[in-house]
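Single-structure report; data block below.
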Amino acid sequence: MYAQMIKSEATQDDPEKLAAFQARIDAGEKIEPKDWMPEGYRKTLIRQIGQHAHSEIVGQLPEGNWITRAPTLERKAILLAKVQDEAGHGLYLYCAAETLGVSRDEITEMLLDGRMKYSSIFNYPTLNWADIGAVGWLVDGAAIMNQVPLQRTSFGPYSRAMIRICKEESFHQRQGYDAIRKMAEGTPAQKKMAQDALNRLWYPSLMMFGPSDKDSVHSAQSMAWKIKMNTNDELRQKFVDQTVPQAEYLGLTVPDPDLKWNEERGHYDYSDPDWSEFFDVIKGNGPCNVDRLAARNKAWDDGEWVRDGLLAHAKKKAARKVAAE
Ligand code: FAQ
């Protein structure tokens, strides 16, 4: 199936150019926006970078919801900084996507009318303060696992955006772990909240890496082009191996009765998420899909006067420049 897909995307371009392009990728060169690239490479990048950018922006919603209710001034300041960072990550990524010839407005509209996706995880609710710790620990933990290898991705602007983003993501993960640790070491009621957050967010976090390799449509071509550096299952396994000892340290139980260390493989064996739930969520049927898109649509509509004002100002400035010449 993968070979078939590679062939169908590749044949749209001149074979000689394609071979030279692949040789550059194989040699570890970075592809820059003005370089020749196969149409499939450009489209795949717009899809992945766009989806990633939307995830950063939509991902502000479940945490932003808790800024006014953070338990202390210190936690509030940390959460505020983190949520602002996510907006910055979205902007780096929209800029990287724009170098591929798509405007930020175009891809935003594709998010707003459901033509583009964002990460499945943000369609789950954050019900209490322990969830905010768990989001930093698990969701940012999964995001870093995916993003560290992407610093070496073949497209220059994406790779450079990822280097900046990863510096901040590690702070995000640490602050989440610190918040959940405080809960896990707190009163019995607080510990119960931490366990409940882990119970609800464990499988949605595993889903962040995408479907299992046998169902991943894009992995083979994306890996050949070094748009992705690892398969979905490879990264999911790394995440499980890193996170289980952290849960043990916290005295929390990962909600997977089949989880156990496999000496022979040197990895944990674990149960897959319910993939029917994953596909249902990315189709738009998760617990918060409707709310998330409604919030983004409202923000876009509310900001119309700002965009109109800026555009009018830019037009006026350009007209004055023409008149002066
Ligand atoms: N959610 O063939 P594959 C963050 C779709 S950053 C929704 O395996 P691919 C920071 C996929 O698009 C989180 N859809 O796809 C933060 C495709 O459908 P399509 C975002 C998903 O692209 C933390 C179909 O399934 N990170 O959270 C998901 O090769 C805290 C088939 O799948 C990135 O975007 C999913 N989880 O691999 C912010 C990283 N998984 O498009 C705030 C960059 C798959 O054909 C607070 N992206 N699909 O209609 C990637 O590495 C890849 O795109 C994957 C998916 C690994 C996500």
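Reckoned from all heavy atoms, side chains included, excluding hydrogens, waters and symmetry mates. Order of appearance sets the numbers: ligands from 1, and atoms from 1 within every ligand.
Every atom of ligand 1 is numbered from 1 in the order shown, and the set under 4.0 Å from a heavy atom of Ser120 is 1 (N), 7 (C), 35 (C), 36 (N). Of all atoms in ligand 1, listed by their number and element, those nearer than 4.0 Å to a heavy atom of Gly59 are 42 (C), 46 (C). Distances below 4.0 Å separate heavy atoms of Gly210 from the following atoms of ligand 1: 40 (N), 44 (C). Within ligand 1, the atoms closer than 4.0 Å to a non-hydrogen atom of Tyr158 are 43 (C), numbered from 1 in the order shown. Atom numbering of ligand 1 starts at 1 in the shown order; those under 4.0 Å from a heavy atom of Ala143 are 4 (C), 10 (C). Near Ser55, meaning under 4.0 Å from one of its heavy atoms, ligand 1 places the atoms 13 (C), 20 (C). Within the listing of ligand 1, atoms 30 (C), 46 (C) sit less than 4.0 angstrom from a heavy atom of Lys82. Within ligand 1, the atoms closer than 4.0 Å to a non-hydrogen atom of Tyr118 are 1 (N), 7 (C), numbered from 1 in the order shown.
For the pairing with Tyr41, the ring pair (Phe, Tyr, Trp, His ring centres under 6.0 Å) check across Trp36, Trp225, Tyr158 returns one residue only, Trp225. Phe209 pairs in a ring pair (Phe, Tyr, Trp, His ring centres under 6.0 Å) with only one of the listed residues (Tyr203, Phe278, Phe239), which is Phe239.
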Side chain to side chain contact (heavy atoms under 4.5 Å, CB included) between Glu86 and His172, worked out: CA-CA 10 Å; Glu86 308 298 1; His172 294 175; 3.2 Å; yes
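Only the side chain of Asn232 comes within 4.0 Å of ligand 1, counting heavy atoms alone; its backbone N, CA, C and O stay farther away. With a 4.0 Å cut-off on non-hydrogen atoms, Glu169 touches ligand 1 through its side chain and not its backbone.
Here atom 55 (C) of ligand 1 lies nearest to Lys228 when heavy atoms of Arg47, Arg236, Lys228, His218 are compared.
Regarding atom 12 (O) of ligand 1, its nearest protein heavy-atom neighbour is Gln51 OE1, 2.9 Å. Remark: minimum distance from atom 18 (O) of ligand 1 to any protein heavy atom is reached at Lys117 NZ, 3.4 Å. The protein heavy-atom contact nearest to atom 56 (C) of ligand 1 is Phe209 O, 3.6 Å. From the protein, the heavy atom lying nearest to atom 51 (O) of ligand 1 is Asn146 ND2, 2.9 Å. The nearest heavy-atom contact from the protein to atom 3 (P) of ligand 1 is Ser216 OG, 3.4 Å. Atom 48 (N) of ligand 1 has Phe278 CZ, 4.0 Å as its closest protein atom, hydrogens excluded (heavy atom only). The shortest contact between atom 46 (C) of ligand 1 and any protein heavy atom is with Glu63 OE1, 3.4 Å. Remark: minimum distance from atom 57 (C) of ligand 1 to any protein heavy atom is reached at Met208 O, 3.9 Å.
Remark: distances from the non-hydrogen atoms of Gln147 to ligand 1 include one below 4.0 Å. By the 4.0 Å heavy-atom criterion, Ser222 is excluded from the residues contacting ligand 1.
Contact of the Ser216 side chain with the Lys228 side chain is registered, since non-hydrogen atoms from C-beta on lie closer than 4.5 Å.
Judged by a 6.0 Å distance limit and a 45° cone about the ring axis, Arg307 is positioned over the six-membered ring of Trp300.
For ligand 1, the polar-atom distance check against Asp140 finds no nitrogen or oxygen pair separated by under 3.5 Å.
For atom 7 (C) of ligand 1, the nearest protein heavy atom lies closer than 4.0 Å.
Classification of Asp178 and Arg75 as a salt-bridged pair holds, one side-chain N sitting under 4.0 Å from a carboxylate O. Ion pairing of Lys82 with Asp140 is present here, as a side-chain N (NZ or NE/NH1/NH2) and a carboxylate O approach within less than 4.0 Å. Checked for salt-bridge contact, Lys214 and Asp233 miss the test: no charged N lies under 4.0 Å from a carboxylate O. Remark: Asp26 does not engage Lys226 in a salt bridge, criterion side-chain N to carboxylate O under 4.0 Å. Here Glu234 does not pair with Lys238 in a salt bridge; the nearest charged N to carboxylate O distance is not below 4.0 Å.
Here the shortest heavy-atom pairing between Met208 and Ala142 reads SD-CB, 3.7 Å.
If you look at His52 and Tyr94, their ring centroids are not closer than 6.0 Å.
Here the OG1-CD distance, from Thr187 to Gln190, works out to 3.5 Å after rounding to the nearest 0.5 Å.
A donor-acceptor contact under 3.5 angstrom links the side chains of Asp241 and His267, judged on distance only.
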